[in-house]
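Letters go in sequence order (proteins before strands), and every chain restarts at 1.
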Number of protein chains: 4
Amino acid sequence: MTDQHATPGRSPHAPLITGGVVPPLCTPLTPDRELDVDSLERLVAHLVTAGVHGLFVGGSTGEAAYLPDALRRQALDVVVGTVAGQLPVLAGVVDMSTPRVVEHARAAAALGADALVATAPFYSPTHPVEILGHFRTIRAAVDLPLIGYDIPSAVHTKLAAATVAELAADATLAGLKDSSGDLDGLRDVLELVAGIDGFRVFSGSETVADLGLRCGAAGVVPGLGNVDPHGYVRLYDAAVAGDWDEALRQQRRLHTLFDLIRVAPTDRMGRYSSAIGAFKAALMLRGVIRYPTTSLPMIPLEAAEIEAVGKHLAAADLPVSTQ
Amino acid sequence: MTDQHATPGRSPHAPLITGGVVPPLCTPLTPDRELDVDSLERLVAHLVTAGVHGLFVGGSTGEAAYLPDALRRQALDVVVGTVAGQLPVLAGVVDMSTPRVVEHARAAAALGADALVATAPFYSPTHPVEILGHFRTIRAAVDLPLIGYDIPSAVHTKLAAATVAELAADATLAGLKDSSGDLDGLRDVLELVAGIDGFRVFSGSETVADLGLRCGAAGVVPGLGNVDPHGYVRLYDAAVAGDWDEALRQQRRLHTLFDLIRVAPTDRMGRYSSAIGAFKAALMLRGVIRYPTTSLPMIPLEAAEIEAVGKHLAAADLPVSTQ
Amino acid sequence: MTDQHATPGRSPHAPLITGGVVPPLCTPLTPDRELDVDSLERLVAHLVTAGVHGLFVGGSTGEAAYLPDALRRQALDVVVGTVAGQLPVLAGVVDMSTPRVVEHARAAAALGADALVATAPFYSPTHPVEILGHFRTIRAAVDLPLIGYDIPSAVHTKLAAATVAELAADATLAGLKDSSGDLDGLRDVLELVAGIDGFRVFSGSETVADLGLRCGAAGVVPGLGNVDPHGYVRLYDAAVAGDWDEALRQQRRLHTLFDLIRVAPTDRMGRYSSAIGAFKAALMLRGVIRYPTTSLPMIPLEAAEIEAVGKHLAAADLPVSTQ
Amino acid sequence: MTDQHATPGRSPHAPLITGGVVPPLCTPLTPDRELDVDSLERLVAHLVTAGVHGLFVGGSTGEAAYLPDALRRQALDVVVGTVAGQLPVLAGVVDMSTPRVVEHARAAAALGADALVATAPFYSPTHPVEILGHFRTIRAAVDLPLIGYDIPSAVHTKLAAATVAELAADATLAGLKDSSGDLDGLRDVLELVAGIDGFRVFSGSETVADLGLRCGAAGVVPGLGNVDPHGYVRLYDAAVAGDWDEALRQQRRLHTLFDLIRVAPTDRMGRYSSAIGAFKAALMLRGVIRYPTTSLPMIPLEAAEIEAVGKHLAAADLPVSTQ
């Protein structure tokens, strides 16, 4: 199928995705809700400099559910071009069902993604047998490592451990991004895939990342990693070194920082709006991106709420731009 | 409102959507899963001849969650061209959030749709205030009547009656397609919109269509209406005539026919696969479409299951093609 | 097993439960939350005089989930004694699982109930096979007609139509009380039990009672029937006479009256608190019961909210006591 | 607080509940489903000998949802009498709403329980304000330490961290038993109650007990602790000693052992039936209890399934009785 090495804009020597901190990138927007290319380039540099191990473009944190296809693809193109093979780039190919996902997958491969991240089908009711067919069809259509994305809060289906294990065993899936919050289930998966060489599990949590690593996850994909990549790198390094007390300290600090997603009241906006708004406000205050703009129909943070985000950053000793 | 008359490919005299039977069209596919244009044209003719009052392209029955954009648009284009202004064409613009939906809406308007049908946002968690903004943004972007699509089984959010009423009052929504199965909630909506001129409610149910009409719905959008449009037209005509006993008889007959969606066992495929598969098999057996092919990852019906569909048709006295 | 005819306090000639209006009785409490016996006797008289066809003690409207066993049993005893065989008395035997339900069932039989109403097991996860065993065990333990109670909002399991049909076919269940709001499912049940003599389906809805009867339900069990039994009797009589337009008019009037459950804001109490509180306030205002007291931890209505209940009564032309 | 010393049937020197391993006791039954008193006494001795730190009577593992009140109380009485003050005894007081729970609480106090464990209200819909009132009413009625029981799979409401913190701050709750599986939420609670002296959090999980302790939980309440109390004591001791690698090894071993709950196929019984059945079969094979009988309507394990339980025990090096 796709000869990945011939893909323009992609290094022939992109490292393998072996784990580590893989932030799901925010998608900086201009006030007109076009892609803010300069800001995205700065965000990539901010993360690479902090020592993260990969980048995930097109996840929930990246507003993938909102962005039109052209914007999704432009963002991926900018990231692949900016990172220039220094780090692997994972591309989310989130859509309702197989043929639509395959289209995104082909586009992502053409743009130079190193791996694909896909959920189970959603919207129309699905079935375990159909979920198997879904991932196998994607894998057969595009020759890139495929990572299953378990996010029941969005998809309203849990990827069963047995399903993941079956798809790992036949090499359909190269990994799992677990955003279910279910560490018990994560352990079931890890036990079932223990003998499968190279299969990698990533925890999608901001606040139990240390526990995921403790259970045997290879890496973490925290949205808050946009704001404080150094914190997650320290957490990950401590875990790799077996210094679980230090990992816990880092996690506690990040848990406290994560309260910035609650700066807006829940009668004015949903928690997702306030989380994405707070991440972007924090990146603006840190001098990384230019605007806090989020996609419609999310509600923007008010000035006082953005100020409150700044206080969370200060409390975490994160430098704020003085521009 | 819109100047519909300038839209290319659309009759200047398309009737207003006032109610009646508006089947959500199946999307006939070739064995390669391309659009089977001839079959779609025959399906339109089959429905128009039966006396339906409008056509809905791009709903769940039409596999909208599966079809790539190009295929969705081609199907709408074929239907608009075939129906040639004889009946209004409603276009589903189902996607995860506002900017993506607006893209579909613009495409549908350009292709000559007479109205748009949109759900609340899904995938990323949403909020009542954001739902209001979602529909208002779509309405402001594309000047066509906008119908809210309440399908909690897919969207995992119920469109609250108060939300619908607020969006009806400010003319954002021109109608509601209720596929929630919640007739109590339907009554709440109907009571709240009683004073709003021109607002139309459609029931999306195959099996309680008579009850929806009894409550004051203007029309019905039954997937089974592909297979037996005459049956739903008789049901609707009886309701309009106030002959509720006849409406009940028609509904009972259709309720029995609807069992054809259960020809396949639930351990082999999901109920959605078997329903779409059965509708398409029935249309093939009736000589309307050529293939029973459904989108991936749906599981195809086996020969014996297709035969069982034929028995359901025979039991309902529906003629089967002898070709 | 139980020789029902020997049960003290019960007429040997209690009519069979064939359908009609069967209100789920409120349980009047004193300010100390003891049973207010006089008020309960007046409530029974109020309902009997209005022409209802049976009484249901121990349902959700009766605060069954709150009442200690002694209070539950005292209430049933008072009702059986007061009604004195004029009408059948159905006893709710709601509890988490089979052995606990059997205890309630034995107590209810000893007190002279004419039939039992039981849900599927809840709290601990259950399974279709276990649900079958549950009802069969209850039926074998106590020789009274057993009615299945389908209330997924409380039990978090839907009684599948196939389960009901299987339990109807082997004479475990004599009927179904459907409080699921799912008229589509109700139709499935009615179709499956069509050939089973004597099986009765009751709709538990206040606001789609007419539709349930239209589908073939034998009776209705509306909580609002405490407040306005005459309204539901008129609705039922119209349905029996085949005057569906009159049934619809009665239902619309009752739908409007039912808004009294919304007199309290949802940030101050749950909707269940405000519904039970409003029913009791209405009965107090109508001179039927003495106090509006509800069980802990329900929040009491404030004076202004009780006044608002009075306005709903006045708008429905329901006489208010001038005492 | 309470004068515990005056409670009849209770040692004057029962230790405070400070944490550790607190197994939720199985309730041994005779084939006639009476309490098997001898077996229960042996189970208590088995656990005490293994070095557990407390006993929890009346939880889900104890079939509390099934047992009639008399049986619940008899079990508590036997345990309190057998343990004779050596260890604290926590009594579950699970029921649908406040007045019913208060009755259980009074009975438990009279029988000598050292603390009470109560869920939020269930069955009838509830509300955060009502949940606060629920726990405060129980606490005011019975002067024993009260532990909140968060088990959304049974109660269908999640105890919000803010609710727990508010009830901890005003000394309504002395602790939390978290059976939600949500370690992220557990961390939120632990952060909010960090400054409240003496508040204890217990993890109710078999398979992420180590992670709960890692987050700061004071103890664990694993159903599998009936079968292998030594394993959980080793896990707990390792955690207390800060030897997290050893805690992880113990947890992995117990995770593997826990597969014994899957000896029966899910089309024959629910997972709860097979879990309770497997625990009891294991205890029988280990020579602790006499019969594997479970409450109706649970489905009993077949002989081959009991044999499979034995293989899980053997694989975990747990001695099986040769009687």
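- For C:Ala174, the side chain to side chain contact (heavy atoms under 4.5 Å, CB included) criterion is met by C:Pro145, not counting sequence neighbours.
- In terms of heavy-atom pairs under 4.5 Å with chain C, the best-connected choice from D:Pro68, D:Gly133, D:Ala64, D:Pro128 is D:Pro68.
- The candidate with the highest count of non-hydrogen atom pairs below 4.5 Å against chain D, out of C:Leu296, C:Val129, C:Ile276, C:Ile299, is C:Leu296.
- At a 4.5 Å heavy-atom cutoff, C:Val102 makes no contact with chain D through either its backbone or its side chain.
- Both the backbone and the side chain of D:Pro99 come within less than 4.5 Å of a heavy atom in chain C.
- Neither the backbone nor the side chain of C:Ala70 has a heavy atom closer than 4.5 Å to any heavy atom of chain D.
- With sequence neighbours excluded, the residues satisfying side chain to side chain contact (heavy atoms under 4.5 Å, CB included) with D:Ala118 are D:Val93, D:Val101, D:Phe135, D:Ile138, D:Leu146.
- Applying the side chain to side chain contact (heavy atoms under 4.5 Å, CB included) test to C:Ala282 and every residue at least two apart in sequence or in another chain returns C:Val227, C:Val309, C:Leu313.
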Using a plain distance cut of 3.5 Å, could you tabulate donor-acceptor pairs between chain C and chain D?
| unit_1 | atom_1 | unit_2 | atom_2 | d |
| --- | --- | --- | --- | --- |
| C:Ala65 | O | D:Ser97 | N | 3.3 |
| C:Leu67 | O | D:Arg100 | NH1 | 2.9 |
| C:Asp69 | OD1 | D:Arg100 | NH1 | 2.8 |
| C:Asp69 | OD1 | D:Arg100 | NH2 | 3.2 |
| C:Asp95 | OD2 | D:Arg100 | NH2 | 3.3 |
| C:Ser97 | N | D:Ala65 | O | 3.3 |
| C:Arg100 | NH1 | D:Leu67 | O | 2.9 |
| C:Arg100 | NH1 | D:Asp69 | OD1 | 2.8 |
| C:Arg100 | NH2 | D:Asp69 | OD1 | 3.2 |
| C:Arg100 | NH2 | D:Asp95 | OD2 | 3.3 |
| C:His127 | NE2 | D:Thr266 | O | 2.8 |
| C:Glu130 | OE2 | D:Gly270 | N | 2.9 |
| C:Glu130 | OE2 | D:Ser273 | OG | 2.5 |
| C:Thr266 | O | D:His127 | NE2 | 2.8 |
| C:Gly270 | N | D:Glu130 | OE2 | 3.0 |
| C:Ser273 | OG | D:Glu130 | OE2 | 2.5 |

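- In this structure, chain C has no heavy atom under 4.5 Å from any part of D:Leu71.
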